[in-house]
Amino acid sequence: MTLLLHLSIFFTILFISLPSSHSSSSNDKNALLQIKKALNNPPLLSSWNPQTNFCTTWTGVECTNGRVTALTISSGEISGQIPAQVGDLLELRTLDFSYLTHLTGNIPHTITKLKYLDLLRLKQTNLSGYIPDFISELKSVTFLDLSFNQFTGPIPGSLSQMPKLGALQINDNKLTGSIPNSFGSFVGTVPNLYLFNNKLSGKVPESLSKYDFNAVDLSGNSFIGDGSVFFGRNKTTIRVDLSRNMFEFDLSKVKFARSIVSLDLSHNKISGKFPRELTKLRLEHFNVSYNHLCGKIPSGGLLQTFEPSAFSHNLCLCGTPLKAC
Ligand SMILES: *[C@@H]1O[C@H](CO)[C@@H](O)[C@H](O)[C@H]1NC(C)=O
Ligand SMILES: *[C@@H]1O[C@H](CO)[C@@H](O)[C@H](O)[C@H]1NC(C)=O
Ligand SMILES: *[C@@H]1O[C@H](CO)[C@@H](O)[C@H](O)[C@H]1NC(C)=O
């Protein structure tokens with residue numbers, strides 16, 4: 001009797017679970033076929049043949065346990081927009097549309113259905129318009145790369161609400177406005193900020209000074225004011241590039257973390273003298289050219305290993321590798 005009951009439960013479970021897992025997998029297949037159709041059956045996706053196993057033979061498709069977990073469409077002749085059906089690949093961890101110069105439009109709202117999405121890379125395409133606020137609904141994303149597109153408008157403040165974001169790469173767009181004030185209160189991890197080559201301006205919020213960024217690149221914008229918020233004796237920051245802006249602060253007042261290996265402050269309005277502690281850094285890249293610095297370049301450490309061009313075009317810097325004082 002108990003055996004019969006167990007058996008009947010077993011078969012009931014089998015009956016309920018088998019068809020549903022099968023249908024999820026075939027939902028993935030349907031979504032992929034619709035994506036192919038929405039992209040006008042491009043040659044790049046010619047391997048997407050309904051007669052074959054999409055997990056093993058379709059270009060750019062990766063599966064785990066029969067479900068699509070990665071979709072990578074890259075470097076091909078693709079015209080049109082990101083199909084809304086990408087949002088039906090509910091188990092996606094990686095969504096990557098990159099190096100597709102004829103991919104236009106914006107990011108479809110349907111991607112907010114991708115609850116497990118870890119990596120979103122839409123790099124070097126022709127996407128345009130504002131970066132949508134709804135990206136912040138993707139709570140599992142650790143890596144967001146929207147670089148080399150035509151995005152305009154402000155950086156959405158809501159991005160600070162993405163608890164696992166480790167890297168924000170929105171460089172090489174046409175973004176305007178400043179760094180949102182909400183970046184003074186990240187809900188989770190503190191992401192590396194790659195904001196370079198945009199049209200960003202204004203001051204960096206003072207509230208960012210409490211964060212220990214690993215890497216920050218704001219180069220090639222029009223930021224003004226104090227850029228020294230990214231420095232601090234006790235931080236573990238590795239790389240800071242503030243070059244080609246209009247930052248204005250006194251270098252002699254900055255306390256540098258010992259961890260910094262790459263520091264580019266060139267082309268700003270930074271004044272003051274060299275702090276001696278710069279000689280204690282294990283610098284691999286260093287450039288302070290085109291600023292308003294003055295005084296002797298301290299000797300010792302690695303500063304003298306850099307070419308004169310790393311120090312040139314300042315107010316009155318002197319000493320090796322420049323002329324003697
Ligand atoms: C990108 O889109 C713009 C219109 O938004 C168009 O003028 C341009 O030719 C496109 N670039 C490429 C490489 O397709
Ligand atoms: C930096 O760390 C040292 C040693 O742990 C501590 O004494 C000092 O107060 C810290 N400074 C700041 C600004 O947090
Ligand atoms: C420093 O930056 C200036 C300006 O961008 C550049 O011309 C120079 O080659 C750089 N030097 C080094 C050593 O990086």
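Indexing begins at 1, ligand by ligand and atom by atom, following the structure's order.
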Quick check: does any side chain N or O of Ser47 sit under 3.5 Å from a backbone N or O of Thr59, one acting as donor and the other as acceptor?
yes
message = If you count every heavy atom of other residues, nucleotides or ligands that lies below 6.0 Å from Glu307 atom CD, does the total exceed 12?
response =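 Not buried by this count: 12 neighbours or fewer within 6.0 Å.
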What protein heavy atom sits nearest [atom], and how far away is it?
{"atom": "atom 13 (C) of ligand 3", "value": "Ser309 OG, 3.4 Å"}
{"atom": "atom 3 (C) of ligand 3", "value": "Ser289 OG, 3.3 Å"}
{"atom": "atom 7 (O) of ligand 3", "value": "Tyr290 CE1, 4.8 Å"}
{"atom": "atom 14 (O) of ligand 3", "value": "Asn287 ND2, 3.1 Å"}

Practice problem: Please work out whether the ring planes of Phe186 and Tyr211 are parallel, tilted or perpendicular, with thresholds of 30° and 60°. | Solution: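 If you compare the ring of Phe186 with that of Tyr211, the planes turn out perpendicular.
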*Residues Lys139 and Glu137 bridged, charged N to O under 4.0 Å*: no
Interatomic distance, CD1@Ile73 vs CZ@Phe97, rounded to 0.5 Å, equals 4.0 Å
**Report entry** Heavy-atom proximity to atom 5 (O) of ligand 3, best of His313, Glu307, His267
**Finding:**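 Among His313, Glu307, His267, the closest heavy atom to atom 5 (O) of ligand 3 belongs to His267.
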With a 4.0 Å cut-off, strictly under, does atom 9 (O) of ligand 3 pick up any protein heavy atom?
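Flag for atom 9 (O) of ligand 3 set to true, protein heavy atom closer than 4.0 Å.
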